[in-house]
Amino acid sequence: MMETTPRPLLPGSVASQLAALLDGHYRGFAVVDLETTSLSAEDGRILEVGVVLLSPSFTIEGTWNQLLNPGAGHDVGPTHIHHITEADVADAPTFAQIAGTLTELLQDRILIAHSSRFDSSFLQAAFTQTEFWPWPGLSQAPALCTLTEAKHFIQTPSRALTACCEFLGIPLKHHHRALHDADATALLAAAYLQIAGFNYVMPWSGEADTSSSLPASDLLSRLPESWAKTLRQVS
């Protein structure tokens with residue numbers, strides 16, 4: 001894991017509410033992004049994994065990034081999208097070789113992803129080919145999706161990661177590289193929680209002052225039902 005200086009992503013009033021909800025039940029959150037050889041987990045393979053680890057109060061604890069060799073019979077797919085070449089992964093480990101490390105990173109953490117269904121389907125498909133499956137820690141892991149609930153928080157014609165980040169002024173360099181996208185997704189999730197925690201009218205039009213020190217509201221009552229349900233289950 002790449003160590004990083006702890007970086008809080010939420011103001012104290014919202015962070016404390018979030019930490020109280022987890023209250024020792026989970027180690028925190030794992031923001032995950034994958035680059036893959038195709039859009040289908042049935043025949044595609046994972047090419048790159050990016051993980052940002054967050055504490056229960058949404059402070060960045062560390063990051064992890066790994067290119068993967070998709071294995072015999074699988075090419076890298078659309079290089080024009082993810083910019084990963086055959087040469088990049090020729091000497092990279094396979095998913096099976098890093099599965100143990102990834103298990104340790106994700107264990108007892110709530111998954112966050114921009115399209116959690118997509119990332120979870122690829123992770124489960126990959127883990128089923130390893131000694132670590134069945135793994136209830138993944139198959140039953142709670143997850144928060146920043147894509148499906150974007151409309152609850154912001155007004156933007158597209159729910160793509162680039163569009164959501166642009167709307168909120170979140171920097172996103174090297175889109176479609178796993179760690180860059182995972183970092184942007186962490187900031188996006190933090191923005192959603194801050195919008196909810198400061199009781200702004202949602203979806204946010206972009207006119208609210210996010211630097212305001214308004215008192216935080218009850219997070220669960222301000223979150224979309226899928227997020228509130230997930231956080232109720234872990235509290």
Side-chain angles (χ1 to χ4, degrees), residues 7-11 14 18 29-41 44 46-54 58 60 63 65 76-84 110-123 142-212 217 219 222-231:
R7 179 159 57 109
L9 298 185
L10 291 175
V14 182
L18 190 61
F29 304 84
V31 187
V32 176
D33 187 81
L34 308 176
E35 297 306 323
T36 61
T37 62
S38 73
L39 296 178
S40 171
I46 299 173
L47 283 177
E48 186 179 29
V49 183
V51 180
V52 177
L53 299 179
L54 302 173
F58 243 60
I60 294 181
T63 62
N65 186 215
V76 296
T79 295
H80 66 284
I81 294 177
H82 51 57
H83 306 295
I84 299 172
I110 298 170
L111 179 71
I112 299 177
H114 200 71
S115 186
S116 59
R117 180 178 298 180
F118 175 87
D119 292 290
S120 293
S121 67
F122 268 91
L123 286 172
L144 303 177
C145 183
T146 56
L147 183 150
T148 57
E149 298 297 350
K151 63 182 180 296
H152 182 87
F153 297 100
I154 58 177
Q155 292 180 332
T156 180
S158 169
R159 294 183 296 173
L161 181 59
T162 49
C164 293
C165 288
E166 182 178 1
F167 183 88
L168 290 166
I170 295 171
L172 175 54
K173 297 180 180 179
H174 309 296
H175 180 40
H176 284 305
R177 291 308 303 263
L179 188 55
H180 290 276
D181 283 2
D183 188 62
T185 301
L187 295 174
L188 183 60
Y192 288 173
L193 289 166
Q194 190 167 176
I195 290 168
F198 281 108
N199 206 26
Y200 294 134
V201 175
M202 298 180 288
W204 184 43
S205 65
E207 298 175 357
D209 178 11
T210 58
S211 66
S212 171
S217 64
L219 273 180
R222 296 286 299 169
L223 292 173
E225 182 55 32
S226 66
W227 282 37
K229 182 179 179 180
T230 295
L231 292 173

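For clarity, every value in this text was computed on a predicted model and none was experimentally measured.
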From H176 atom NE2 to T79 atom OG1, the distance as rounded to the nearest 0.5 Å: 13.0 Å
Expected list for residues 154-171: side-chain donor-acceptor pairs under 3.5 angstrom, two or more places apart:
| unit_1 | atom_1 | unit_2 | atom_2 | d |
| --- | --- | --- | --- | --- |
| T156 | OG1 | S158 | O | 3.4 |
| S158 | OG | A160 | N | 3.1 |
| R159 | NH1 | T148 | O | 3.4 |

Whether F153 and W227 hold their rings parallel, tilted or perpendicular, with breakpoints at 30° and 60°: tilted
E35 side chain to E48 main-chain N or O, any donor-acceptor pair under 3.5 Å? no
Between Y192 and A150 the two heavy atoms that sit nearest each other are OH-CB, 3.3 Å
Can you tell me how far CG of L188 sits from CG of L147, rounded to the nearest 0.5 angstrom? 9.5 Å
Kindly say whether A113 contributes a backbone atom to a donor-acceptor pair with the side chain of S116 at under 3.5 angstrom? no
Check side chain to side chain contact (heavy atoms under 4.5 Å, CB included) between I60 and all other residues, then give those that pass, not counting sequence neighbours. T4, R7, L9, V52, L54, D183
Could you walk me through whether D33 and L179 pass the side-chain contact (heavy atoms from CB on, under 4.5 Å) test, one step at a time? CA-CA 7 Å; D33 187 81; L179 188 55; over 6 Å; no
Rounded to the nearest 0.5 Å, how far apart are CD1 of I46 and OG1 of T36? 8.0 Å
Just one of H114, H175, H174 clears the side-chain hydrogen bond (donor to acceptor under 3.5 Å, both in side chains) bar with D181, so which one? H175
Residues passing the side chain to side chain contact (heavy atoms under 4.5 Å, CB included) test with H152, sequence neighbours excluded, are E149, M202, P224
Go through the structure and list residues passing side chain to side chain contact (heavy atoms under 4.5 Å, CB included) with P142, not counting sequence neighbours. Y26, I110, T230, V234
In this structure, CG of L144 is separated from CG of L111 (nearest 0.5 Å) by 8.0 Å
Closest heavy-atom contact between V32 and A182? C-CB, 4.5 Å
Does some side-chain heavy atom of I84 sit less than 4.5 Å from a side-chain heavy atom of R177? yes
Could you grab the distance from atom CD of Q194 to atom CG of L10, nearest 0.5 Å is fine? 6.5 Å
For K151, is the NZ atom crowded, meaning more than 12 foreign heavy atoms sit under 6.0 Å from it? yes
Any non-hydrogen side-chain atom of L18 less than 4.5 Å from a side-chain atom of L231? yes
Polar side-chain atom of N65 near backbone of V49 as donor-acceptor pair, under 3.5 Å: yes
Could you measure the distance from the OG1 atom of T37 to the CZ atom of F122? Nearest 0.5 Å is fine. 6.0 Å
Taking side-chain hydrogen bond (donor to acceptor under 3.5 Å, both in side chains) as the definition, give me every residue that meets it alongside S40, ordered by chain and number, with sequence neighbours left out. none
Those residues at least two apart in sequence (or on a different chain) that pass side-chain hydrogen bond (donor to acceptor under 3.5 Å, both in side chains) with D119 are none
